[in-house]
Every structure is written in C-alpha cells, then in structure tokens.
Amino acid sequence: MKVLLNVNHVEHEIDVEPRLTLLDALRDNMRLTGVHTGCEHGVCGACTVLIDGAPARACLIFAVQADGLAIGTIEGLAPAPGELSLIQDAFCETHGMQCGYCTPGMILTAHALLRENPSPSREKIVAAISGNICRCTGYGQIIEAIELAARRLAGSNAGDAA
Amino acid sequence: MKSAPFTYCRPASVTEACALLAADEDARLIAGGQTLVPMMAMRLARPTALIDIARIPELAFVRREGDHIEIGAATRQAFAEANATVALDLPLLARALPWIGHSAIRNRGTIGGSIANADPAAEIPLVLATLGGAVVVQTPRGRERFAARDFFLGPMTTAIPADGCLVEAHFPVWTHQRIGACFTEISARHGDFAYVSAAAQVALDDNGSCVACALGVGGATAQPTQLAVDLTGARINETTAREKLSVAIETLDMMTDPHASPAYRKRAALALALRALLAARDEALAKRART
C-alpha cells in the first residue's frame with residue numbers, strides 16, 4: 001500500500017505491507033534509526049515519536065494508519081546539522097543519558113511536555129516520563145535535564161522547546 | 001514480534017465500516033490500536049483485515065444531551081482528559097482517565113476502544129458500569145442502546161454483534177451541588193493492568209447526608225461490577241460503609257491469576273472501595289453547602 005508520511009516536515013511516499021509498523025517504516029524504509037526498537041508491544045517507550053505533536057509509541061501504530069499525519073522524530077529537533085536543540089543540550093550537560101537507548105524517547109517526551117507546560121513541577125516531569133523506561137535507571141539526571149531545559153527556555157524567550 | 005499479514009482499509013462512515021465488517025467475519029475494527037496492535041504483534045490476534053475507524057468524523061465528539069454526556073467512540077482518551085465538559089460534569093471519568101497506561105497511550109487510545117475491548121482491568125468500562133451508563137452500537141440493521149450491565153458479558157466479551165460498531169458511550173451526569181469522586185487502583189507499577197480498581201462518586205445534601213452514591217470495582221471480577229450498596233439517607237461513616245461494602249464484595253466471584261488470588265482480590269477490593277468512597281465523601285464535604 002502507498003502511504004504518504006510527513007516526517008520532520010518532509011514528505012515521504014513509501015510502499016509498505018499493512019503490517020509494517022510505523023517504527024519499522026521509519027527505521028528500515030527511511031533510515032531514521034534515532035527511533036529505537038525496544039519491547040515492540042508498547043511498554044518501554046524507546047520508540048516514542050511525535051504524532052501531530054503528541055508523544056506516541058511508533059510500535060503501536062501501523063504505518064498505514066499514520067498516512068498523512070505529521071510525524072516528528074529525534075532527527076527533526078536540532079536546528080542545524082552538528083547542533084543540538086536546547087533540550088538535547090541540557091541532557092548532555094546533566095549527563096541525562098548513559099547507554100542512550102531511551103534517550104530519543106525521553107527527549108521527545110520532554111519536548112512535548114515543555115511545549116505544553118514551559119515550567120512543569122518535578123511531579124509533572126516524573127508523570128510525563130513515567131511511560132519511558134530507562135534501564136540504566138538514570139532517572140535522576142533525566143529529570144534534572146528537563147528542569148534545566150525548562151529554566152533555560154524561560155530565560156531564552158524562545159517560545160518553543162525546539 | 002511482527003503481526004501476521006492483513007489487509008487494511010479506512011472507510012469514511014460507520015455505515016461503510018459495518019458493511020465491511022459484515023462481509024468478513026475475521027475482520028476487526030481498529031481505532032487507537034493501543035491494545036489490538038500489541039495483541040497482533042504477539043499473534044494473540046490475527047485478523048484478516050483491519051477496518052480503521054479512527055478518522056470517521058461522526059465518531060469524535062463530547063456533548064451534553066439531557067441528563068447525560070455522550071462521547072463518540074473514536075474520541076481520544078487524551079482529548080477527553082483535557083475536555084472542560086468532562087472535567088466539570090463527569091468527575092469520576094476525569095479521575096479515572098489519568099490511570100490509563102501512560103500519556104503516550106492515551107494520546108492514541110480511544111474511549112470506545114477501551115469499552116469495546118472490555119478488559120476486566122480497564123478504567124473506562126468501570127466508570128461506565130459504576131455510573132450505570134450505556135453504549136450505542138450500530139449494525140447494518142440500525143442502532144441499539146445497551147445498558148452497561150447488559151453490555152459487559154465477561155473478559156474481552158461484550159454484547160456487540162459480529163457486524164456491530166460501538167458508536168457512542170453515554171455517561172450519566174449528576175446535578176447535585178456537592179459531588180465528590182475518586183478512582184483508585186493497585187497494580188505492579190503505575191500504568192500496568194490493575195489487579196483491583198475501585199470507583200466512587202457520592203453526592204451530599206447541605207447537612208452532609210448522602211443523597212446519591214455510586215460504587216464499583218474492576219480488575220477483580222470477570223467484568224466491571226457496580227456494587228449494590230445503598231448509603232443514602234445518612235452521613236457516610238467508615239464503620240457502616242465498611243460493613244455494607246464487605247457484604248457486597250463477599251458475594252462477588254473473584255478472578256484468579258498468578259499475581260493475585262481471589263482472597264487477595266477480596267481484601268484489596270474492600271480496602272480500595274472504602275478508600276475511594278471516603279475520599280469522594282471528603283471531597284464533597286469540602287464543597288460549600290448552600291447557606
């Protein structure tokens with residue numbers, strides 16, 4: 001089936017079997033390997049992408065269901081090649097990643113959170129990332145990273161988490 | 001974990017979706033897919049065709065209609081969670097929604113999908129059963145309304161015919177001045193399937209006496225269960241409430257699995273139902289009586 005996916009503001013027309021998940025379409029058909037394959041049944045959050053701006057599991061939606069929808073991946077966050085988004089930078093600075101496997105999902109979840117709520121409480125941050133599992137258990141620094149990003153956003157007057 | 005092959009279509013209307021369902025007995029409707037897709041990944045479900053109803057415009061709405069609120073089956077859970085009408089008029093549903101999975105799940109999952117899937121541990125079916133709500137199912141023969149008690153038949157089993165599509169859920173609205181609601185559950189981790197869940201909504205008069213009371217438990221029994229406990233006519237006190245709840249819960253036929261025995265589920269159901277009831281009462285008490 002022909003599917004038109006708008007990924008990071010670029011349209012891709014791909015021809016897929018209906019059973020191909022959005023996760024596999026992004027990784028295998030578009031080579032966007034920043035979206036990570038974890039549990040493949042919706043539990044771990046490693047495959048988090050933004051669908052119409054809201055975090056969703058790429059393993060829990062077939063590519064055909066996403067036809068015409070706006071998909072955001074970690075590759076779309078940085079303003080230019082070689083640069084980092086404000087949130088990505090905060091994750092580096094606070095060591096908000098260890099093995100890095102959960103990181104794209106964590107950052108996209110944080111991105112959506114901060115766009116909706118630029119100064120979330122610690123509880124709101126914890127609730128937001130509760131669906132993303134970090135098997136290194138580095139949650140402390142991940143929360144710090146999101147708090148740092150929120151403070152910088154407030155100071156930057158940027159108006160957008162990107 | 002990859003699904004078995006299937007065909008996919010996205011009809012423009014419920015009428016068209018029902019006709020497609022009627023033509024293939026192994027076809028399945030999909031909306032949010034947050035349960036069906038993992039079931040397919042694990043090959044516990046192998047539909048020959050998926051009929052995607054997620055974008056049918058007539059299935060996405062929240063509206064007040066007389067003494068209840070009607071929610072379209074394909075309305076996203078996250079949309080209902082952020083909806084002002086739900087927050088104001090359906091406090092029990094508003095309290096239950098954040099317990100569903102995680103926010104990424106609720107961004108895709110739908111109100112009707114959770115009801116049609118009828119997992120015994122699911123939150124929305126428990127709210128519907130507790131409040132004594134109803135659903136509307138469309139088939140090629142027309143539309144039929146089912147009361148919640150006639151709709152949930154057992155684990156993952158409902159009264160929806162093979163060619164039927166759930167189109168609306170109807171949640172009764174209470175209009176009392178002092179209403180309190182609480183939803184709570186116990187599971188291994190937040191977001192996991194509940195071993196036991198409990199829902200309570202109470203209304204008090206100006207003196208603090210109970211004038212309406214709805215209680216239910218989920219996760220424990222084969223379908224979400226409204227508890228036959230009448231606490232109206234007096235102030236709600238813990239001792240009396242515990243006695244009445246114990247009697248009602250004692251009669252329930254509890255499920256068993258490796259995580260929770262029937263005896264555990266009975267104890268947890270009593271503890272959680274009592275906790276939910278008292279929290280709902282306290283919330284209602286905190287609302288000012290008319291002077």
Side-chain angles (χ1 to χ4, degrees), chain A residues 1-3 16-25 28 37-69 72 105-106 108-113 116-117 120 123-133, chain B residues 1-10 27-56 60 74 76-79 81-82 97-110 113 187-193:
Chain A
M1 273 185 98
K2 289 256 194 305
V3 177
V16 299
E17 269 193 272
R19 64 173 174 154
L20 191 80
T21 61
L22 176 61
L23 168 64
D24 288 340
D28 299 342
T37 306
C39 68
E40 286 190 284
H41 65 291
V43 176
C44 76
C47 68
T48 301
V49 295
L50 302 178
I51 300 181
D52 290 337
R57 313 281 207 225
C59 73
L60 293 191
I61 177 169
F62 295 112
V64 287
Q65 291 175 274
D67 183 34
L69 303 184
M106 289 285 185
L108 287 164
T109 301
H111 180 86
L113 170 70
E116 192 133 299
N117 179 359
E123 286 68 33
K124 292 272 186 214
I125 294 172
V126 169
I129 63 166
S130 66
N132 293 72
I133 294 175
Chain B
M1 293 206 298
K2 311 294 176 194
S3 294
F6 57 87
T7 59
Y8 173 85
C9 59
R10 198 160 58 229
R28 290 281 298 269
L29 297 177
I30 188 166
Q34 301 298 283
T35 302
L36 183 55
V37 176
M39 296 274 282
M40 290 171 67
M42 291 184 271
R43 307 233 173 165
L44 296 169
R46 295 183 68 146
T48 50
L50 285 185
I51 302 163
D52 188 351
I53 58 169
R55 297 193 212 179
I56 296 179
R76 304 270 178 211
Q77 291 154 6
F79 180 87
E81 200 178 346
L97 288 169
W99 288 92
I100 302 170
H102 301 283
S103 63
I105 302 295
R106 301 194 292 277
N107 285 337
R108 303 303 304 165
T110 64
S187 59
R189 288 164 299 258
H190 177 70
D192 280 8
F193 292 101

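Per chain, numbering begins at 1; letters A, B, ... match sequence-line order.
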- Among B:Pro5, B:Pro98, B:Gly32, B:Gly101, the residue with the most heavy-atom pairs under 4.5 Å to chain A is B:Pro5
- Could you check which of B:Arg55, B:Arg108, B:His190 has the highest count of heavy-atom pairs closer than 4.5 Å to chain A? B:Arg55
Is it the side chain or the backbone of [X] that comes within 4.5 Å of chain A heavy atoms, both, or neither?
X: B:Ala82; result: neither
X: B:Met42; result: side chain
X: B:Leu36; result: neither
X: B:Ala78; result: neither
X: B:Ala54; result: neither
X: B:Arg189; result: neither

- Task: Keeping the roles fixed (side chain from B:Arg43, backbone from B:Lys2), state whether a donor-acceptor pair exists under 3.5 Å.
- Result: yes
Does some side-chain heavy atom of [Y] sit less than 4.5 Å from a side-chain heavy atom of [X]?
X: B:Arg46; Y: B:Met40; value: no
X: A:Arg57; Y: B:His102; value: yes
X: B:Tyr8; Y: A:Val64; value: yes
X: A:Leu22; Y: A:Phe62; value: no
X: A:Leu60; Y: B:Pro38; value: yes
X: B:Ser187; Y: B:Trp99; value: no

- In terms of heavy-atom pairs under 4.5 Å with chain B, which of A:Thr37, A:Thr48, A:Ile51 leads? A:Ile51
- Note on the structure: One option among A:Asp67, A:Asn132, A:Thr109 has the most heavy-atom pairs under 4.5 Å with chain B, and it is A:Asp67
- Query: Given a strict heavy-atom distance threshold of 4.5 Å, which part of A:Asp52 is in contact with chain B: side chain, backbone, both, or neither?
  - Reply: neither
- Query: Side chain, backbone, both or neither: which part of A:Ser130 has a heavy atom under 4.5 Å from chain B?
  - Reply: both
- Query: Would you find more than 12 non-hydrogen atoms of other residues, nucleotides or ligands less than 6.0 Å from B:Arg28 atom CZ?
  - Reply: no
